[in-house]
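So the structure is just underneath, and the comments pick up after that.
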Amino acid sequence: MQCQDEPVTLPQNGLHADMLDRIGVLLASGELAEGQVLRADDLGVRFGVSRTVVREAVRVLESMGMVSSRRRVGTTVAPRSRWNVYDPLLIRWRLAGPGRDDQLRSLSELRAGFEPVAARYAAGRATPEQCGALTGAVMDMAVHGRSGDLDAYLDADVRFHRALLEATGNEMLAALADVVAEVLTGRTHHGLMPALPEPAAIRLHGDVAEAVGSGDADAAERAMRAIISEAAGAMLGPDQAVGGRGTRP
């Protein structure tokens, strides 16, 4: 006989991921406020899951600094100053909430601070294989951009930026690839991409790949700065562009 608080429509890891996403969105949006006590029984009833699933989700949130657990106090929502703002999950939840514009602005400013520099480093350090990966990703972006297949375009775009960061030879810059991936994914999934990606944006990615391949650090940095400016302008409006004037067709 099955208990009502233990649904079996999803595998356990599916239940855990779903629970984590749902409570994460509530935390990121502020619906669950700082200092609020989260009781496992209440959360289980609210989301229709077992205490085990709740504990697993809370454990992840605690590792992200979003909640804290203390004996005789329980689990409470931690101050936002303690949250790991670089965690891709938190970025995803913030992009899904009412503070999306603020999160996009912060992320655009962050990208403007490290991706142009990463392009400069990549121009001096990329291997032939990494140059090939950049060029291949741009070619796929062009193909899928023309067809309007935004999911395939997103995959190619993520591959491009991941390859670029890895080509820096700097493990800390490479570790930011997941942050960039969440920005690009959020832009697509929240309807902030045009039905047909801008040809000018694709050309700029090609400019970066060409500059990296030829070892032109100045051109690589300049083109990457224009990419970020174009993306910020597309998501937040032209007056919100960061990192340079960019290209706005």
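Positions are given from 1, in the same order as the sequence printed here. All values below come from the heavy atoms of this structure, side chains included, with hydrogens, waters and symmetry mates left out.
To the nearest 0.5 Å, atoms CD (E230) and CD (E198) are separated by 6.0 Å. In this structure, NE2 on H161 lies 13.0 Å from CD on E166, to the nearest 0.5 angstrom. Considering CZ of R159 and CG of L154, their distance stands at 10.5 Å, rounded to 0.5 Å. Atom CG of residue L61 and atom CG of residue N84 lie 12.0 Å apart, to the nearest 0.5 angstrom. A distance of 7.0 Å separates OG of S68 from CD of E62, quoted to the nearest 0.5 Å. For the atom pair CZ (R55) and CG (L43), the distance works out to 12.5 Å, reported to the nearest 0.5 Å.
Classification of R46 and D42 as a salt-bridged pair fails, no side-chain N sitting under 4.0 Å from a carboxylate O. Salt bridge annotation for E221-R225: present, with a cationic side-chain nitrogen under 4.0 angstrom from a carboxylate oxygen. By the 4.0 Å N-to-carboxylate-O rule, R22 lies close enough to D18 to be salt-bridged with it. Contact check on R222 versus D207 returns no salt bridge, with no Lys/Arg side-chain nitrogen under 4.0 Å from an Asp/Glu carboxylate oxygen.
Between S108 and M235 there is a side-chain heavy-atom pair separated by less than 4.5 Å. Contact of the T76 side chain with the Q36 side chain is not registered, since no non-hydrogen atoms from C-beta on lie closer than 4.5 Å. Counting heavy atoms from C-beta outward, V138 and F160 have side chains that approach closer than 4.5 Å. R94 has its side chain out of reach of D102: every pair of non-hydrogen atoms, C-beta onward, lies at least 4.5 Å apart. Between I91 and V179, some side-chain heavy-atom pair lies under the 4.5 Å cut-off. Contact of the L110 side chain with the Y86 side chain is registered, since non-hydrogen atoms from C-beta on lie closer than 4.5 Å. Side-chain contact check for V117 versus M224: every heavy-atom pair is 4.5 Å or farther apart. Contact check for Q130 versus T127: side-chain heavy atoms found under the 4.5 Å cut-off.
Heavy atoms only, all atoms of each residue included: L134 and L164 are closest at CD2-N, 3.7 Å. Contact between L95 and E182 at its shortest, heavy atoms only, is CD1-O, 3.7 Å. For G145 against I202, the heavy-atom pair with the smallest separation is CA-CD1, 4.4 Å. Contact record, G24 with M66: O-CE, 4.4 Å, taken as the closest heavy-atom pair. Of all heavy-atom pairs between A195 and L150, the closest is O-CD2, 3.8 Å. Closest approach of L89 and D87 over heavy atoms only: N-OD1, 2.9 Å.
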For the pair L27 and V77, evaluate side-chain contact (heavy atoms from CB on, under 4.5 Å) and give the outcome as yes or no after the intermediate values.
CA-CA 8 Å; L27 287 164; V77 179; 3.6 Å; yes
Taking it one step at a time, do H144 and D140 satisfy side-chain hydrogen bond (donor to acceptor under 3.5 Å, both in side chains)?
CA-CA 6 Å; H144 301 307; D140 288 344; 4.9 Å; no
Where do L104 and L192 land on the side-chain contact (heavy atoms from CB on, under 4.5 Å) test, with the steps shown first?
CA-CA 11 Å; L104 287 172; L192 300 174; 3.6 Å; yes
As a quick check of understanding, evaluate side-chain contact (heavy atoms from CB on, under 4.5 Å) for Q103 and V183, giving each step before the final call.
CA-CA 9 Å; Q103 177 71 127; V183 180; over 6 Å; no
Could you check V58 against L38 for side-chain contact (heavy atoms from CB on, under 4.5 Å), going step by step and ending with a plain yes or no?
CA-CA 9 Å; V58 167; L38 307 179; 5.7 Å; no
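More than 12 heavy atoms of other residues, nucleotides or ligands lie within 6.0 Å of CZ in R125, so this atom counts as buried by the packing criterion. The environment of R82 atom CZ is sparse: at most 12 non-hydrogen atoms of other residues, nucleotides or ligands sit within 6.0 angstrom. Atom CZ of F114 has more than 12 heavy atoms from other residues, nucleotides or ligands within 6.0 Å.
Side chain of T135 to backbone of G132: no donor-acceptor contact under 3.5 angstrom is found. Between the R120 side chain and the A219 main chain, no donor and acceptor come within less than 3.5 Å of each other. Checked by atom type and distance alone, the side chain of W93 never pairs as donor or acceptor with a backbone atom of P88 at under 3.5 Å.
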